[in-house]
A.B. asks: 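My structure is below; once you've seen it, I'll send some questions.
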Amino acid sequence: MKKIKYILILFLMFIFMDNTHAFDTTLKVYDYAQVLTTEEEQSLKRNIDLYIANHNMDMAIVTVKHHEKNSTMDYADDFYDYNDFGIGANFDGVIFVLDFTFWENGDIWMSTTGKAISMYTDSRIDSILDFVASKKNYGYYEMFNAFINKTNYFANEGIPTYD
């Protein structure tokens, strides 16, 4: 009877451990705050897929109403890292988060990893976020498209060189 009990415990552990990797990183748009329609999510995903194909860097967009992290930055970094986003050995990519946890109108954040760190300097990130914020009156879908377009623009410019 003890053997069966131990086998059952091991089997249950295996099932739960296997499910920890069940997060679908192919979706690319995670609208937990429910600010987008299904059609808008699909359109954004198509644009993100083009970005990924053209630049060999991952991209995700997340909306969230509440989380337990200390900041939007912490949430963004953890969401990207713990859900196995990124391309290549350095997990190249970007994540954009619209977070309603701390402010009613939402807080926006962009995090980068791998070669995206060199691609998106602080001044480029500021430019992207300013551009995205300027589209807020047009709706969230327009904000996210602005993020994809401006991020794509800088990726097309390449990694900046400093004299």
A.B. asks: Would you say Y120 ends up clustered with Y153 if hydrophobic residues are merged whenever their side chains have heavy atoms under 4.5 Å apart, either directly or through other cluster members?
C.D. replies: yes
A.B. asks: Between CG of D31 and OH of Y141, what distance do you get to the nearest 0.5 Å?
C.D. replies: 13.0 Å
A.B. asks: I'd like to know if Y75 and I108 are part of one continuous hydrophobic network [Ile/Leu/Val/Met/Phe/Trp/Tyr, side-chain heavy atoms within less than 4.5 Å].
C.D. replies: no
A.B. asks: Would you say the side-chain atoms of E142 pair up with the backbone N or O of G139, donor to acceptor, closer than 3.5 Å?
C.D. replies: no
A.B. asks: Can you tell me if N70 has over 12 outside heavy atoms packed within less than 6.0 Å of its CG?
C.D. replies: no
A.B. asks: Could you walk me through whether N145 and N47 satisfy the side chain to side chain donor-acceptor pair (under 3.5 Å) test, starting with their C-alpha distance in whole Å, then the side-chain angles of each, then the deciding distance to 0.1 Å, before giving a yes or no?
C.D. replies: CA-CA 8 Å; N145 266 319; N47 292 338; 2.9 Å; yes
A.B. asks: State which residue, out of F96, Y32, Y80, fulfils the side-chain contact (heavy atoms from CB on, under 4.5 Å) condition with V62.
C.D. replies: Y32
A.B. asks: Atom CE of M119 and atom CD1 of I159: how far apart are they, to the nearest 0.5 Å?
C.D. replies: 4.5 Å
A.B. asks: Test of understanding: clusters of I, L, V, M, F, W, Y form through side-chain heavy atoms closer than 4.5 Å, transitively. Do F79 and L27 belong to the same one?
C.D. replies: yes
A.B. asks: Is the ring centre of Y51 less than 6.0 Å from the ring centre of F147?
C.D. replies: no
A.B. asks: Output the distance between atom OG1 (T101) and atom NZ (K65), rounded to the nearest 0.5 Å.
C.D. replies: 11.0 Å
A.B. asks: Let me confirm one number: the CG-CE distance from L50 to M59, rounded to the nearest 0.5 Å.
C.D. replies: 11.0 Å
A.B. asks: Run K115 and N56 through side chain to side chain contact (heavy atoms under 4.5 Å, CB included) and show every step you take.
C.D. replies: CA-CA 10 Å; K115 74 178 179 183; N56 200 33; 4.1 Å; yes
A.B. asks: If you take all heavy atoms of G93 and M57, which pair is closest and at what distance?
C.D. replies: CA-CB, 4.1 Å
A.B. asks: Would M73 and I61 show up in the same hydrophobic cluster when neighbours are defined by side-chain heavy atoms closer than 4.5 Å?
C.D. replies: no
A.B. asks: Which pairs would a plain distance check flag for residues 127-138, meaning a side-chain donor or acceptor within less than 3.5 Å of a matching protein atom at least two apart in sequence or in another chain?
C.D. replies:
| from | atom 1 | to | atom 2 | distance (Å) |
| --- | --- | --- | --- | --- |
| S134 | OG | F131 | O | 2.6 |
| K136 | NZ | N105 | O | 2.1 |

A.B. asks: Name the one of T151, N152, D92 that satisfies side-chain hydrogen bond (donor to acceptor under 3.5 Å, both in side chains) with H55?
C.D. replies: N152
A.B. asks: How far does CG of N90 sit from CD1 of I87, to the nearest 0.5 angstrom?
C.D. replies: 12.0 Å
A.B. asks: Within a reach of under 6.0 Å around CD of E157, are more than 12 heavy atoms found that belong to other residues, nucleotides or ligands?
C.D. replies: yes
A.B. asks: Please report the shortest heavy-atom distance between R124 and P160, naming the atom on each side.
C.D. replies: NH1-CD, 3.6 Å
A.B. asks: With sequence neighbours left out, which residue pairs that include part of residues 46-55 fulfil the salt bridge (charged side-chain N to carboxylate O under 4.0 Å, His left out) condition?
C.D. replies: K45-D49
A.B. asks: Do D77 and S111 get their side chains close enough for a donor-acceptor pair, meaning under 3.5 Å?
C.D. replies: yes
A.B. asks: Check whether the ring centres of Y30 and F85 lie less than 6.0 Å apart, and answer yes or no.
C.D. replies: yes
A.B. asks: If I compare all heavy atoms of V35 with all of F100, which pair ends up nearest, and what's the gap?
C.D. replies: CG1-CE1, 4.1 Å
A.B. asks: Do you know the tightest heavy-atom contact between T25 and K28?
C.D. replies: O-NZ, 2.8 Å
A.B. asks: Could you tell me the separation between the CG atom of D84 and the CZ atom of F91, rounded to the nearest 0.5 Å?
C.D. replies: 7.0 Å
A.B. asks: If I compare all heavy atoms of A76 with all of V97, which pair ends up nearest, and what's the gap?
C.D. replies: CB-CG2, 3.6 Å
A.B. asks: Which heavy atom in G106 sits nearest to a heavy atom in L98, and how many Å separate them?
C.D. replies: CA-CD1, 4.1 Å
A.B. asks: Do the side chains of F154 and M110 join up, straight or via other hydrophobic residues, at under 4.5 Å, putting them in one cluster?
C.D. replies: yes
